[in-house]
Amino acid sequence: MSEDEFLVSNQLILAQFKTLDLSEITSVHVFLPIVKKREPDTYLLIDWLQENHPQIHIVVARANFEDHSMSHHPFSKEDLVENSYHIPEPQTATLFEGKIDMVLVPLLAFDNRGYRVGYGKGFYDRFLSGVETLKVGISLFEVQDDAISDVHEDDIHLDLCITPKQIYRF
């Protein structure tokens with residue numbers, strides 16, 4: 001994907017995201033992109049939320065690579081530092097204590113059942129297990145025709161996936 005295609009695709013994802021009904025959403029957990037891996041630019045979504053829905057709390061994660069868990073923190077761009085995996089993470093010790101209504105989930109690919117392939121560490125599956133929240137994948141690419149074959153019993157499927165062309169509902 002060229003740089004121009006990447007920029008346009010991110011704008012199209014934002015346009016799709018803007019169509020979601022956020023009237024019942026009070027908090028959104030947003031993954032922060034690994035720029036070197038050209039993940040979707042979720043900063044565009046954060047900026048739009050902050051401008052158009054300032055009442056919605058934006059939450060981001062800090063990973064614990066020893067037990068593959070995540071802690072959840074209020075978003076502050078000034079507080080972010082890239083970890084050794086090039087993932088921007090909050091440095092503050094302040095935890096977000098509220099209910100998370102929507103989680104934007106990173107992925108590499110997804111199928112028409114709502115299962116996704118990530119980086120294989122299970123951070124988001126652990127986090128989403130037993131949590132009542134709207135699970136929204138963000139993808140630069142459309143759905144895979146073939147079902148993901150190595151779905152594990154602990155894998156959590158998405159409720160929606162936003163791509164440049166459409167929103168898939170599962």
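All of these numbers come straight from a predicted model, not from anything done at the bench.
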Among all residues two or more places apart in sequence or in another chain, which pass the salt bridge (charged side-chain N to carboxylate O under 4.0 Å, His left out) test with E66? none
Would you check if there is a donor-acceptor pair between the side chains of Q91 and D79 at a distance under 3.5 Å? no
Is the shortest heavy-atom distance from the side chain of V60 to the side chain of H29 under 4.5 Å? no
Pair F127 + H72: ring centers closer than 6.0 Å: yes
F141: which residues meet the ring pair (Phe, Tyr, Trp, His ring centres under 6.0 Å) condition with it, sequence neighbours left out? none
Looking at D67, I'd like to know if its CG atom is crowded, meaning that more than 12 non-hydrogen atoms belonging to other residues, nucleotides or ligands lie closer than 6.0 Å. yes
For a quick test of your reading: what N or O donor-acceptor pairs under 3.5 Å do the side chains of residues 41-55 make, sequence neighbours left out?
{"residue": "D41", "atom": "OD1", "partner": "Y43", "partner atom": "N", "Å": "3.0"}
{"residue": "T42", "atom": "OG1", "partner": "F31", "partner atom": "O", "Å": "2.6"}
{"residue": "N52", "atom": "ND2", "partner": "W48", "partner atom": "O", "Å": "3.0"}

When you compare the side chain of P88 with that of V81, does any pair of heavy atoms fall below 4.5 Å? no
Set of salt bridge (charged side-chain N to carboxylate O under 4.0 Å, His left out) partners for D155, sequence neighbours left out: none
Does T92 offer a backbone N or O that forms a donor-acceptor pair with the side chain of R62 under 3.5 Å? yes
Going by atom type alone, with no hydrogens or angles, which donor-acceptor pairs under 3.5 Å involve a side-chain atom of residues 96-112 and a protein atom two or more places apart or on another chain?
{"residue": "K99", "atom": "NZ", "partner": "D101", "partner atom": "OD1", "Å": "3.2"}
{"residue": "K99", "atom": "NZ", "partner": "E132", "partner atom": "O", "Å": "3.4"}
{"residue": "D101", "atom": "OD2", "partner": "T26", "partner atom": "N", "Å": "2.7"}
{"residue": "D101", "atom": "OD2", "partner": "T26", "partner atom": "OG1", "Å": "2.4"}
{"residue": "D101", "atom": "OD2", "partner": "S27", "partner atom": "N", "Å": "3.2"}
{"residue": "D111", "atom": "OD1", "partner": "R113", "partner atom": "N", "Å": "2.9"}
{"residue": "D111", "atom": "OD1", "partner": "G114", "partner atom": "N", "Å": "3.2"}
{"residue": "D111", "atom": "OD1", "partner": "Y115", "partner atom": "N", "Å": "3.0"}
{"residue": "D111", "atom": "OD2", "partner": "R113", "partner atom": "NE", "Å": "3.2"}
{"residue": "D111", "atom": "OD2", "partner": "R113", "partner atom": "NH2", "Å": "2.9"}
{"residue": "D111", "atom": "OD2", "partner": "I148", "partner atom": "N", "Å": "2.9"}

Residues 122-131 vs side-chain hydrogen bond (donor to acceptor under 3.5 Å, both in side chains), sequence neighbours excluded, gives none
